[in-house]
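When a residue number appears, it is its place in the shown sequence, counting from 1. Keep in mind that this is a model prediction, so the values were computed, not measured.
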Amino acid sequence: MDRTRQQQALLLLPICLAFAFSLTAVVSSHWCEGIRRVVKPLCQDQPGGQHCIHFKPDNSSNGRMDNDSQAVLYIWELGDDKFVQRGFHVGLWQSCEEGLNGEDEKCRSFQSVVPAEEQGVLWLSIGGEVLDIVLILTSAILLGSRVSCRSPGFDWLRVDALVAIFMVLAGLLGMVAHMMYTTIFQITVNLGPEDWKPQTWDYGWSYRLAWGSFALCLAVSVTAMSRFTAARLEFTEKQRAQNGSQHSQQSFPEPEASESVWKTGAAPRPAGQAFRNASGHLPSGAPGKVSIC
């Protein structure tokens with residue numbers, strides 16, 4: 001493998017890394033992470049639990065809690081003690097929340113909590129992320145064929161140009177999709193349902209992976225374009241050098257007639273001598289008049 005193919009193989013590594021980052025970010029649900037403040041449930045099924053509200057029934061209810069509205073409950077938790085903090089994380093597809101006492105996470109569709117007027121923007125963001133992945137995958141396939149195949153009749157410089165264009169388009173689409181999702185999430189935090197609104201939140205590792213893919217796309221695009229420009233200039237200079245050498249070979253002057261005569265060794269003779277020689281070789285009986293041109 002020559003030096004050029006080694007450089008192209010090294011350029012294939014960040015493209016595959018950008019593809020892995022984008023795909024992982026899209027399928028995961030850790031774009032945003034935070035804490036929700038929810039009211040503790042009553043300790044009916046979990047006596048002595050730490051994440052529920054402890055109560056004591058009235059003595060008149062015979063030690064049992066009935067569904068009668070006249071039953072009196074003595075709740076010991078007051079103020080902030082009535083609330084518990086639950087961690088949550090949100091992605092493009094779903095929103096998950098921690099369960100109490102080590103229970104499994106409870107997840108629901110993120111689209112169900114987004115305001116109705118913003119759901120179209122959410123689908124545009126998802127479409128941009130998917131198209132970003134498709135462009136990165138196409139670039140990886142093109143560059144992989146560039147490294148593995150060596151067809152002399154094919155213009156591989158166009159492949160390098162396509163890789164640069166696809167990668168910069170993928171980076172720009174990813175950037176727009178990330179910003180759209182950020183705007184939608186902030187709107188949902190302010191206008192979403194009360195049973196979903198977080199108390200505090202921040203961006204998660206999926207969001208950072210998505211922006212890492214954006215940075216890799218731009219870096220690969222700049223590198224591929226610079227190499228394409230350098231290879232194109234080198235190819236143009238070689239063509240100019242070949243055309244100049246062919247033109248110089250065809251521009252030599254042809255030898256004149258006098259020079260060809262002297263090269264053959266034939267020297268001009270006087271007219272009389274030529275006439276005598278010509279007449280001396282005439283056959284017998286032929287007329288003696290000879291015309292010499």
How far does [atom1] of [X] sit from [atom2] of [Y], to the nearest 0.5 angstrom?
X: Leu143; Y: Leu162; atom1: CG; atom2: CG; answer: 11.5 Å
X: Trp201; Y: Trp31; atom1: CH2; atom2: CH2; answer: 13.0 Å
X: His30; Y: Cys96; atom1: NE2; atom2: SG; answer: 7.5 Å
X: Leu124; Y: Ile184; atom1: CG; atom2: CD1; answer: 8.0 Å
X: Ile136; Y: Leu23; atom1: CD1; atom2: CG; answer: 9.5 Å
X: Thr183; Y: Ile187; atom1: OG1; atom2: CD1; answer: 6.5 Å

Sidechain-backbone polar pair: [X] side chain, [Y] backbone, donor-acceptor under 3.5 Å:
X: Arg227; Y: Val222; answer: no
X: Ser28; Y: Ala25; answer: yes
X: Tyr181; Y: Gly91; answer: yes
X: Gln119; Y: Gln111; answer: yes
X: Ser22; Y: Phe19; answer: no
X: Ser221; Y: Cys217; answer: no
X: Arg36; Y: Glu98; answer: no

Side chains of [X] and [Y]: does their closest heavy-atom pair fall under 4.5 Å?
X: Lys197; Y: Val189; result: no
X: Leu12; Y: Cys16; result: yes
X: His178; Y: Glu129; result: yes

Linking I/L/V/M/F/W/Y whenever any side-chain heavy atoms sit under 4.5 Å apart, do [X] and [Y] land together?
X: Met179; Y: Val176; result: yes
X: Trp205; Y: Ile133; result: no
X: Leu216; Y: Leu137; result: no
X: Leu17; Y: Leu135; result: no
X: Ile141; Y: Val163; result: yes

For side chain to side chain contact (heavy atoms under 4.5 Å, CB included), just list the numbers for Phe21 and Phe214, CA-CA rounded to whole Å, side-chain angles, deciding distance to a tenth of an Å, and then say yes or no. CA-CA 9 Å; Phe21 283 0; Phe214 162 75; over 6 Å; no
Using every non-hydrogen atom in the two residues, find where [X] and [Y] come nearest and quote the distance to one decimal.
X: Arg108; Y: Asp195; result: NH2-O, 3.6 Å
X: Ile126; Y: Trp93; result: CG2-CH2, 3.4 Å
X: Thr188; Y: Pro115; result: OG1-CD, 3.7 Å
X: Phe88; Y: Ile35; result: CE2-N, 3.5 Å
X: Gly128; Y: Leu173; result: O-CB, 4.4 Å
X: Met180; Y: Ser125; result: CE-N, 3.7 Å

Set out, in order, the CA-CA distance, both residues' side-chain angles and the distance that settles side-chain hydrogen bond (donor to acceptor under 3.5 Å, both in side chains) for Glu97 and His89, then state yes or no. CA-CA 7 Å; Glu97 184 177 310; His89 51 89; over 6 Å; no
Stepwise, does the side chain to side chain contact (heavy atoms under 4.5 Å, CB included) test hold for Leu122 with Glu118? CA-CA 6 Å; Leu122 175 62; Glu118 301 296 335; over 6 Å; no
Evaluate the ring planes of Tyr203 and Tyr207, with Trp represented by its six-membered ring, and classify them as parallel (under 30°), tilted (30 to 60°) or perpendicular (over 60°). parallel
Audit row: Val220, Phe166, side chain to side chain contact (heavy atoms under 4.5 Å, CB included) steps and yes/no: CA-CA 10 Å; Val220 170; Phe166 286 166; over 6 Å; no
